[in-house]
Amino acid sequence: MNAPVKPSNLIKGATGEWEMVIGLEVHAQVTSNAKLFSGASTAFGGEPNSHVSLVDAAMPGMLPVINEECVRQAVRTGLGLNARINLRSVFDRKNYFYPDLPQGYQISQYKSPIVGEGEVVVDLADGASITVGIERLHLEQDAGKSLHDQHADMSAIDLNRSGVALMEIVSKPDMRSSEQARAYVTKLRTILRYLGTCDGDMEKGSLRADVNVSVRRPGEPFGTRCEIKNVNSIRFIGQAIEHEARRQIGILEDGGSIDQETRLFDPDKGETRAMRSKEEAHDYRYFPDPDLLPLEFSQDFVEALKADLPELPDQKKTRFIGDFGLTPYDAAVLVGEHESANFYEAVLAGLANARRDGKLAANWVINELFGRLNKESRSIAESPVSASQLAAIVDLIGEGTISGKIAKDLFEIVWTEGGDPRALVEARGMKQVTDMGAIEKAVDDIVAANPDKAAQVRDKPQMIGWFVGQVMKASGGKANPQAVNDLLKTKLGL
Ligand code: ADP
Ligand code: MG
């Protein structure tokens, strides 16, 4: 992709400007009860070595059997990434020795992955969006885990993760800033969560990224890249990129050159350090696994999965904008997390007139509810105000029973005390006064008490705001603001 370079993405070096080029290899644990080639459980946090079948422990003579659910999940993910699905793919052995890899090889896919090229649309903070190409998605096994802190002079091995299915999702080198890379991983994670193909929990290691970074002068060919292995938080991905790009620029500006190497990110120091050079890179001696036939399925199998896909964030965003008039920004906030979108949709379902009040409901969900939850560091699941309670509050505003201002008081009551919003409005006399006689009296009183201001307002019509405020105050916030405004205009001769 050769999109024009936005000046803000360039880094100023001592000798001029540089552009970073970033490509990510994301490892996402497939949501599935059983492992890729065995029936052992994938549950997190079991006793060490309690979820290990003979296949996972690589006992001699054991044969892998493909788990169809993992295949379905990979295909569904490919469809969610608008990618080509390969009806025939091949499992290869990637050979290397590591104590937590009992087979002595990882079963992966190399030349023939299950999913080919696709793309992800990524929204950025400034409202712009970029398209990041997907190179491929392949299925592979996870390794076990070495534990070095259990004994003074021994390492322990936990094979619970051994054989768990991973999807490796490889992007094209289409990102040009750490912000873009963070936004890409965020979007990818959102898509996986909507699909239910990976829980995206980076703290548990369900999602981690190898981050490839190079730098170049704008318009020049790509530079030599370094690969930062296994970065396990979105914030660290951003920090690793920033540090690595600056390190490379420093070397190049001093007249040096970049060695292609694998590096590690140290979150405590915020820097990357060398792990192994290209010369030390493994030769994995890939070859097709003779224990497994090529993976083949029909287009009908793919079509059936496609027909069953849930609505994904981009489609949901378009629908929220089209059906309810949300701003693209608000729609993006709501679809950004699956839980947020679900909550908003539950509010919509509770509204008497969603088409009329859907936009108002979005404001209330984002500003009042999410704002308050954020302030109190609570999750949506911990919200004291339910979707149906919020829908009732929005209904009351939409139908004109309470003003927006009273609604904030009502929200506060529901938040702290709970209760049915409509019943609360009745019981506590919070209804908007639409009785024109009562409003007229309040207007007359205010105008009569302020003859000087009433005289000025003819020259300075914006002063009507002051009168509206006074009448609203006199009514305890319950007068209908539109009725007050109209009446004042008549009375003041505007
Ligand atoms: P490998 O198999 O050796 O890891 P790939 O060609 O599959 O190599 O690339 C791995 C990742 O590196 C991809 O995500 C790709 O986008 C990224 N990449 C390739 N070239 C560059 C580059 N010059 N700068 C930054 N990233 C790159
Ligand atoms: Mg790689």
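Ligands are counted one by one from 1 in listed order, and the atoms in each one are counted from 1 as well. We number each residue from 1, following the sequence as shown.
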- request: May I ask you to check whether Glu25 and His27 show a side-chain donor-acceptor distance below 3.5 Å?
  value: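 The criterion, which ignores hydrogens and geometry beyond distance, is not satisfied for His27 and Glu25.
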query: Is the closest side-chain donor-acceptor distance between Ser38 and Asp56 under 3.5 Å?
result: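 Judged by distance alone, the side chains do pair up.
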Per-residue contact class, Leu24 against ligand 1 - non-hydrogen pairs under 4.0 Å: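 The backbone, only.
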- prompt: Short N/O distance, under 3.5 Å, between Gly223 and ligand 1?
  reply: yes
task: Using distance alone, determine whether Val170 and ligand 1 share an N or O pair under 3.5 Å.
output: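 For ligand 1, there is no N or O atom that lies under 3.5 Å from one belonging to Val170.
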field: Numbering as shown, the atoms of ligand 1 that approach Val21 to under 4.0 Å (heavy-atom distance)
entry: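 Every atom of ligand 1 under 4.0 Å from some heavy atom of Val21: 24 (N), 25 (C).
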query: Counting each atom of ligand 1 from 1 as listed, which ones have a heavy atom of Lys172 under 4.0 Å away?
result: 16 (O)
query: When the ring planes of Phe265 and Phe236 are compared, do they come out parallel, tilted or perpendicular, using 30° and 60° as the limits?
result: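 Phe265 vs Phe236 ring planes: tilted.
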query: Looking only at non-hydrogen atoms, which of Ser214, Ser171, Pro221 approaches atom 22 (C) of ligand 1 most closely?
result: Ser214
- prompt: Considering Gln260, Arg225, Glu227, which one's heavy-atom position lies nearest to atom 1 (P) of ligand 1?
  reply: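 Among Gln260, Arg225, Glu227, the closest heavy atom to atom 1 (P) of ligand 1 comes from Arg225.
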query: So, are Arg193 and Asp199 salt-bridged, with charged N and O less than 4.0 Å apart?
result: no
query: Is Asp323 salt-bridged to Lys317, going by a charged N under 4.0 Å from an acidic O?
result: no
query: With distance as the sole test, does Asn95 use its side chain to make a donor-acceptor pair with the main-chain N or O of Arg285 at under 3.5 Å?
result: yes
